[in-house]
Amino acid sequence: MSLEFEATMTVGAFHYEAAFEARDEIVVLFGHSGAGKSLTLQAIAGLLRPQSGRIVIDGQPVVDTTRGIDLPPQRRHVGYVVQSLALFPHLTVAENVAFGMNGDRASRASRTARLLQALGLEGTGDRRPRTLSVGQQQRVALARALGREARLLLLDEPFSALDESLRTSLRSELLRLRAELGLSIVFVTHDLREAHLLADRLAVFDAGRVLQFGPREDVFRRPSSRRVAELTGVANIARGVVREADETSITVDVAGMALVCGAVPGLQAPSPGSAVDVTIRAERVNLRRFRGGGIPGTNTLEARIVEEYAYGSTHTLKFAPVGPGPALEVEIAARPYEVLGVAGQRDWLLELPPGDLHVMPAS
Amino acid sequence: MSEQSRSDRATSAVLWLLAASFALFFLLPLAGLVQRGLSDSGTWDSITSGTARDALWLSLWTSTLTTALAVIFGTPAAYLLSRAHFPGQSLVEALIDLPIVLPPTVAGVALLAAFGRRGVLGEPLDELTGITFGFTTMAVVMAQFIVAAPFFVRAARAGFDSVDPQFEQVAHTLGASPRRAVLRVVVPLAWPSLAAGLVLCWARAMGELGATLIFAGNFQGRTQTMPLAIIEAFESSAGLAGAVALSLLLLAVALLALVAFRVAQRGGAYR
């Protein structure tokens, strides 16, 4: 199951231009609300016609503006779960699930029963959707979309109305379903953790554009621009000037300190003297005990905790440099926080692994 | 007793008093009608007369036909007004609402001007085909339709407006054709409003007088509906007594129909 997508449209003052693809995987469309994520799903489902573009599902073009192709939604075989779910309130759960099914009554009934069972909805078939819990309603919407024998599942922030524990269980259930049914899923979310958990590949949307599309780790660890870094929650972004660069590493002067950064293979190294942004995620910074004397090793600076926030499972520490070097935000799990005794010790050495330091052209 | 609860009781008493006065205003004339009808010896004869039977039968079937036509032509109109957006839409909406505001007599005069034997459309139609509308049973239905159908369209439109378009869109992605999406999703969801519009339209058609009188005339068995028969009885030698008898008959039938419809609807609507 595959999807190729490229489309441009202009809705009022909003200009949209995006391209990405999905191949037997979960592609997460990530971005703030109003970035064009839901618009993308509507275009795939056929509820919105792009001004120009090409959308191919499983090798079949459903939209191709150059050839005048524009299949109506009912012929696209796409399962679409909208944010409000839109379960039909006048039909029972079973009737909802069977709504999109073809075939005779008996086969529809057996497929409905199988889907209800697969989603843990046994015994709810004769009830009205509104008598179910929000989590169950979510599953009914999923079952209904799957009942169509969809080639592609489009999910628009399906878990945003749920509490955290329910979200967690539904996310893992979605991963299980994906593995069982071999679905391609396009999943819209503005939740960073959700995006990270579910995404095989990630498309970062901002103001109607895809800023970066790639495997999850690429996007999270090597954002293509400062904006992507900001959107994907990179806490540390520092301006610097390239001192020297070769194919394997780039040395950047940042706040009076020389940082050795890993180079992205295949990408042209920036020329010495050019301005760059250097990023490192808060959880990639190593904390080391300060034993006095000189500073050991490269990419290590002496810094002092100036603010800290306890989030339960993690702690966020804000460091100010004692000597040269950038101010840094560090995230550390609760257990190492206690083992290291961070609460009683303010001065630390921060080590920035070259492989986690990412260099990109200054914006 | 606290100051607060005393004022609450006073508010509640005023509320009940006003509501009771309101109900009484409707009950008293009905009681008067029943009392007059029972005390008059000629009532039963008037009710069972051929005039009454003809008028009642005509009223019932023309009103039902009018309502059916309103559903057939009005439902698509209401749906388009709710979903589509086209230039001049406000004008169309105002035109459909117009008969609700204007006295039915105006509608009657307008129908006569258009479809009467000397009318803009009526004259050429008469010359070409020999078909005339004026003073026929068809004219009764046309008069009822122009006056009553807007009530159905209004209610149906409000019903369609209340159905989130996302239901239809999801139905489309589930493979439903536009027709199936409307029939299986939109209409059932809008049903309470459609049903209310149905009743309103039928009731308005049953009560139609002004337009019918002008466009269809008053001929027993052909265009004389119950309201017209009541007027004629009132102006005849029988006077108030005859009018009371026919009014009681119409009252009973209308009440029966409305109750029957409510019961049927309660069974049909989803909960």
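We name chains A, B, ... by the order of the sequence lines, and we start the count at 1 in each one. This is a predicted model, so every value here is computed, not measured. Values below: every heavy atom of this structure, side chains too, minus hydrogens, waters and symmetry copies.
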Checklist line | Whether over 12 other heavy atoms sit under 6.0 Å from A:Arg148 CZ | finding: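 Yes.
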With a 4.5 angstrom heavy-atom cut-off, which part of [X] approaches chain B: side chain, backbone, both or neither?
{"X": "A:Arg144", "result": "both"}
{"X": "A:Leu87", "result": "backbone"}
{"X": "A:Ala145", "result": "backbone"}

Notebook entry, point to check: Within 45 degrees of the axis of the six-membered ring of A:Phe99 and under 6.0 Å from its centre: does B:Arg180 put its NZ or CZ there?
Noted result: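 Geometry flag: set, cation within 6.0 Å and 45°.
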Item checked: A:Phe187 six-ring centre to A:Arg178 NZ/CZ under 6.0 Å and within 45° of normal ->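 No, cation not above the ring by the 6.0 Å, 45° rule.
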Check: After noting the C-alpha distance and the side-chain angles of A:Val62 and A:Val78, does the key distance pass the side-chain contact (heavy atoms from CB on, under 4.5 Å) rule?
Finding: CA-CA 11 Å; A:Val62 297; A:Val78 164; over 6 Å; no
Checklist line | Close side-chain approach of B:Glu168 to B:Val185, heavy-atom, < 4.5 Å | finding: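 Answer no - side chains too far apart.
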Notebook entry, point to check: Is it the backbone or the side chain of B:Ala171 that comes under 4.5 Å from a heavy atom of chain A, or both, or neither?
Noted result: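 Looking at B:Ala171, backbone and side chain both touch chain A.
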Item checked: Among the listed options A:Gly100, A:Gly147, A:Ala86, the residue most often paired with chain B at heavy-atom distances under 4.5 Å ->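 Between A:Gly100, A:Gly147, A:Ala86, the count favours A:Ala86.
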